[in-house]
Amino acid sequence: MVKTLQIDDGNDGTESLKGYFSVMHGDRPRYMFYRTQEQEYSHIVETMKELLAFDDYRKWAICVTTPFRQNVPIITEMLENMGITVDPDDRKKGNGIKPGHVYVKTMHEVKGLEFGAVLVSGISSNKMGYSKNQGPEEQRQESEKFRSLVYVALTRAVRFAEITGHGSNPYEGFDVN
């Protein structure tokens with residue numbers, strides 16, 4: 001389960017959900033953490049198959065999102081090798097998000113979009129979002145930006161949101177299921 005994180009609101013304050021009301025309700029987001037990328041990606045494939053089996057999710061688009069552009073073709077190929085067709089979503093040509101389609105995008109690319117389900121993949125350690133060459137304050141700021149980006153990706157989901165990761169250290173602030 002995702003704990004309540006302090007998220008920067010972009011105006012030197014903290015984002016608050018006070019006063020927000022959603023007419024849509026889904027399960028609480030969960031964080032699934034694995035030792036290897038292969039285990040994480042196998043879980044993503046199985047979850048996608050489960051979601052696509054429900055009529056309710058075919059009414060919406062489904063998205064796997066990742067912080068790293070280089071993972072988009074890897075995840076796309078893996079899904080397609082398992083029989084899940086991935087739509088390229090080329091909005092520049094006038095094609096938008098379509099119900100019943102599956103997309104793989106970076107977390108930056110999902111801003112402003114809405115999906116029935118979102119799987120945020122590749123969230124592994126609390127050191128994500130900054131380089132080791134930065135000082136403690138720069139690391140804190142970059143880490144905060146990264147957490148905000150994960151938050152935005154999760155809020156793109158209408159009914160189902162899940163975070164996955166792999167490696168030796170889960171991301172700080174999330175309870176591993």
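The structure presented is a predicted model; accordingly, all values stated were derived computationally and were not measured. We're numbering straight along the sequence, starting at 1.
Counting heavy atoms from C-beta on, the side chains of Trp60 and Val158 come closer than 4.5 Å. Counting only heavy atoms from C-beta outward, the side chains of Arg30 and Met32 approach each other to under 4.5 Å. Counting heavy atoms from C-beta outward, Lys145 and Glu142 have side chains that approach closer than 4.5 Å. Put simply, the side chain of Met82 reaches to within 4.5 Å of the side chain of Lys49, judged on heavy atoms. Side-chain contact between Lys105 and Ile97 is present, with heavy atoms from C-beta onward closer than 4.5 Å. Residues Thr36 and His166 form no side-chain contact, since every pair of their non-hydrogen atoms from C-beta on lies 4.5 Å or further apart. For the pair Glu162/Thr164, a side-chain contact is recorded, criterion being any heavy-atom separation below 4.5 Å from C-beta on.
In plain terms, the two heavy atoms of Pro99 and Lys59 that are nearest each other are CB-O, 3.3 Å. The shortest heavy-atom contact between Ser121 and Pro67 is O-CD, 3.2 Å. The heavy-atom pair separating Tyr103 from Lys98 by the smallest distance is OH-N, 2.8 Å. For the pair Gly116 and Tyr57, the tightest heavy-atom approach, listed with the atom from each and the gap, is O-CE2, 3.7 Å.
When Val118, Val110, Thr65, Ile163 are each tested for a side chain to side chain contact (heavy atoms under 4.5 Å, CB included) with Leu154, only one passes: Ile163. Residue Val86 forms a side chain to side chain contact (heavy atoms under 4.5 Å, CB included) with just one option from Glu77, His101, Met48, Glu80, and that option is Glu80. Between Val152 and the choices Arg147, Lys111, Met107, the side chain to side chain contact (heavy atoms under 4.5 Å, CB included) rule is met once, by Lys111. Each of Thr76, Ile44, Val102 was checked for a side chain to side chain contact (heavy atoms under 4.5 Å, CB included) with Ile84, and the lone residue meeting it is Val102. Only one option out of Ile74, Ile123, Asn71 pairs with Thr66 in a side chain to side chain contact (heavy atoms under 4.5 Å, CB included); it is Asn71.
Taking CZ of Phe115 as the reference point, atom CZ of Arg156 lies at 9.0 Å (rounded to 0.5 Å). A distance of 8.5 Å separates CG of Leu119 from CD1 of Ile62, quoted to the nearest 0.5 Å.
For residues 115-125, there are no salt bridge (Lys or Arg N to Asp or Glu O under 4.0 Å) pairs, not counting sequence neighbours.
Electrostatic pairing of Glu109 and Arg69 counts as a salt bridge here, judged by a charged N lying under 4.0 Å from a carboxylate O.
Summarising the local packing, CD of Gln39 is surrounded by more than 12 heavy atoms from other residues, nucleotides or ligands at distances under 6.0 Å.
Residues passing the ring pair (Phe, Tyr, Trp, His ring centres under 6.0 Å) test with His43 are Tyr34, sequence neighbours excluded.
Taking the six-membered ring for Trp and the full ring otherwise, the centers of Phe146 and Tyr171 sit less than 6.0 Å from each other.
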